[in-house]
Amino acid sequence: MKRLSTGIPEVDELLAGGIPEGFLVAVTGEPGTGKTIFCMHFIAQGVKEGDKCVYVTTEESRDSIIRQAEQFNFGFKEAVEGGKLIIIDALTGLEERWALKSLDVEALVDKVIEAKKELGRGRGRLVIDSMSAFWLDKPAMARKYSYFVKKVLGRWGFTTLAVSQYAITTSEAFGFGIEHIADGIIRFRRFVRGGVLRRFLLIEKMRQTPHSLTMHEVIIIDGRGMVVRPARISKEDVALPRSVMDRIARAIREREAELPGDEL
Ligand SMILES: Nc1ncnc2c1ncn2[C@@H]1O[C@H](COP(=O)(O)OP(=O)(O)OP(=O)(O)O)[C@@H](O)[C@H]1O
Ligand SMILES: [Mg+2]
């Protein structure tokens, strides 16, 4: 089986080499957890390997995506100019060829196919960031839409990352749609530990893959991008601070000392 590198060596290892070619993988998680940056790695790797790359953005403008990618030296601007990458802007309602005026799934699929024809034959990589945007006002259609996208674009040689926001308010939209249709689920999470925001990644599903089942920590480094390492979730992260534990122990001892023995 052919697998595509995600562009992050540690994640490829968690995936027994990478994402199987032709898969549609849901990338889910709360805001700011690294979904977009992860997708950028996948595209940057595709450009490097000569894949035909398409990035659909519904959350940020094309310029914003290019600027964010620039911070990690992914060279999206050069890739677009060099005809290796097409960024379809579905946010700003631009009147131009590589834009979507409305969040319509059939229009999306048509536009992605048009982009693939423009880029030429060969292996394709597609990011849809986000896919949930297409059904937020009609969650009942999520499953049908996901299936449609997977069926049609799979035939066009794409391996796809479909971002699916996950928050309390959208969990229903997510749960209703893509998770069973997707060939894989990569979930990003965040916690505040000791007053510090920490991000984590877990491969929840990847068909035909003996993948890691362990939570890994995600670190985003300016100029470089995402680095992933085994999560060091120590006992201290979940336990109370030492001083509090000592105080509780002391209180228990004192209370026991006060209690008459025959009542114990
Ligand atoms: N140049 C940088 N250096 C270090 N960290 C950065 C840099 N640029 C962005 N970040 C971090 O990455 C976060 C954004 O990550 P990303 O855009 O991938 O999140 P997301 O999961 O896509 O969120 P959303 O669901 O809101 O789109 C920022 O909040 C910031 O913490
Ligand atoms: Mg994002």
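Values below: all heavy atoms of this structure, side chains included; hydrogens, waters and symmetry mates excluded. Here the structure is a predicted model, which means the values were calculated and not measured. For ligands, and for the atoms within them, numbers begin at 1 and follow the listed sequence.
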### Summary
atom 7 (C) of ligand 1 sits nearest the protein heavy atom F72 CZ, 3.7 Å
### Query
Nearest protein heavy-atom contact for atom 1 (N) of ligand 1: which residue, which atom, what distance?
D222 OD1, 2.7 Å
### Query
Short question: side chain of K150, backbone of I181 - any donor-acceptor pair under 3.5 Å?
yes
### Task
Mark the output for E60 as yes if a heavy-atom distance to ligand 1 is under 4.0 Å, and as no if none is.
no
### Task
Please report which non-hydrogen protein atom sits nearest to atom 23 (O) of ligand 1, along with the residue it belongs to and the distance in Å to one decimal place.
G32 N, 2.8 Å
### Message
If the contact criterion is a heavy-atom separation under 4.0 Å, does R199 count as touching ligand 1?
### Response
yes
### Message
Counting only nitrogen or oxygen atoms and a 3.5 angstrom limit, does E59 reach ligand 1?
### Response
no
### No-hydrogen, no-angle side-chain donor-acceptor test under 3.5 Å, T57 and D129
no
### Query
Which protein non-hydrogen atom lies closest to atom 5 (N) of ligand 1, naming both residue and atom, and how far is it?
I220 CG2, 3.4 Å
### Task
Would you mind telling me if ligand 1 is within reach of the side chain of K35, the backbone, both or neither, using heavy atoms under 4.0 Å?
both
### Query
Is it the case that T92 and D89 place a side-chain donor and acceptor less than 3.5 Å from each other?
yes
#### Entry: Pair K77 + E81: basic N to acidic O under 4.0 Å
yes
### Query
For atom 15 (O) of ligand 1, what is the nearest protein heavy atom, given as residue, atom name and distance?
I37 CD1, 3.5 Å
### Task
Measure centre to centre between the rings of F188 and F38, then say whether the value is under 6.0 Å.
yes
## Note on the structure
The atoms of ligand 1 lying under 4.0 Å from a heavy atom of G34, numbered in the order shown, are 15 (O), 16 (P), 18 (O), 19 (O), 20 (P), 21 (O)
### Query
Under the 3.5 angstrom rule, does the side chain of K84 hit a backbone N or O of L119 as a donor-acceptor pair?
no
### Query
With a cut-off of 4.0 Å, which atoms of ligand 1 are near a heavy atom of E30?
21 (O)
### Task
Measure M40 to ligand 1 on non-hydrogen atoms and call it side chain, backbone, both or neither using the 4.0 Å cut-off.
neither
### Message
If you count heavy atoms of other groups shown closer than 6.0 angstrom to CZ of R123, is the number above 12?
### Response
yes
### Query
Nearest protein heavy-atom contact for atom 27 (O) of ligand 1: which residue, which atom, what distance?
T36 OG1, 4.0 Å
### E59 versus S130, side-chain donor and acceptor atoms under 3.5 Å
yes
### Query
Can a non-hydrogen atom of F38 be found less than 4.0 Å from any atom of ligand 1?
no
### Task
Tell me whether T36 has at least one N, O or S atom under 2.8 Å from the Mg ion (ligand 2).
yes
## Note on the structure
for atom 8 (N) of ligand 1, nearest protein heavy atom and its distance come out as Q68 NE2, 3.1 Å
### Query
Is it true that F74 and H41 have ring centroids separated by less than 6.0 Å?
yes
### Task
Answer yes or no: is there a side-chain heavy-atom contact under 4.5 Å between L14 and L201?
yes
